[in-house]
Protein chains: 2
Amino acid sequence: MMVLITYDVNTTTEAGEKRLRKIAKLCMNYGQRVQNSVFECLVEPHQMVLLKNMLIDIMDKEKDSLRFYYLGSNWRPKIEHIGANPGYDPEGILIT
Amino acid sequence: MMVLITYDVNTTTEAGEKRLRKIAKLCMNYGQRVQNSVFECLVEPHQMVLLKNMLIDIMDKEKDSLRFYYLGSNWRPKIEHIGANPGYDPEGILIT
């Protein structure tokens, strides 16, 4: 299933920037970074449980906002991109 | 229907910051700003056509990235929030 993960963190602080780097590195094991703090991850439900727990461990719950959007398995027609940096399809086909 | 709009812009430039302010102002007519550049908009299909055209007019297509995620009408169970700044339900109930 496709899960969109959006992460809001204050990157004007070094600690915030470091958390974003860690979140990005982790999410990119499961998919693509389509915007600076937006990740499209293709995961099985059991992987999502693990991923969520790891993300929660990295984030600062008092300061950062983490949102998950569950797009299901029929996710392709639900996503539209306009402008720079078109996202890459986690299954290998360019989304334009 | 619920449409998630994510907007990636370089806010280290004054022009980029201004575009983000305009995008935010426009999106907030249709829903909520749940993260710095993430908006959840509750729109009818005909409103979405108008909104998309207005967003395209504001953005710089060479520099900015705009993504739409169509979550449909049964969007509530598809969204999960963790951490700071919980988003507000565009229909009036707090999402926690």
Report summary line: The reported gap from CD in A:E80 to CE in B:M48 (rounded to nearest 0.5 angstrom) is 7.0 Å
Report task. Test A:V34 against B:R67 for side-chain contact (heavy atoms from CB on, under 4.5 Å), laying out the working first. Result -> CA-CA 9 Å; A:V34 293; B:R67 287 179 85 84; 3.8 Å; yes
**Report entry** Minimum-distance pair of heavy atoms, taken over all atoms of A:S65 and B:A84
**Finding:** CB-O, 3.3 Å
Requested in this report: Working to the nearest 0.5 Å, report the span between NZ of B:K78 and CG of A:L4.
Outcome: 13.0 Å
Query - Segment of B:N36 engaging chain A (4.5 angstrom heavy-atom cut-off) - result: both
Report task. Please step through side-chain contact (heavy atoms from CB on, under 4.5 Å) for the pair B:I82 and A:I56, ending with a clear verdict. Result -> CA-CA 8 Å; B:I82 295 169; A:I56 290 170; 3.5 Å; yes
Query raised in the report: Between atom CG of B:L66 and atom CD of A:Q35, what is the distance when rounded to the nearest 0.5 Å?
Result: 7.5 Å
Requested in this report: Step by step, work out the side-chain contact (heavy atoms from CB on, under 4.5 Å) result for A:T6 and B:Y69.
Outcome: CA-CA 12 Å; A:T6 67; B:Y69 297 89; over 6 Å; no
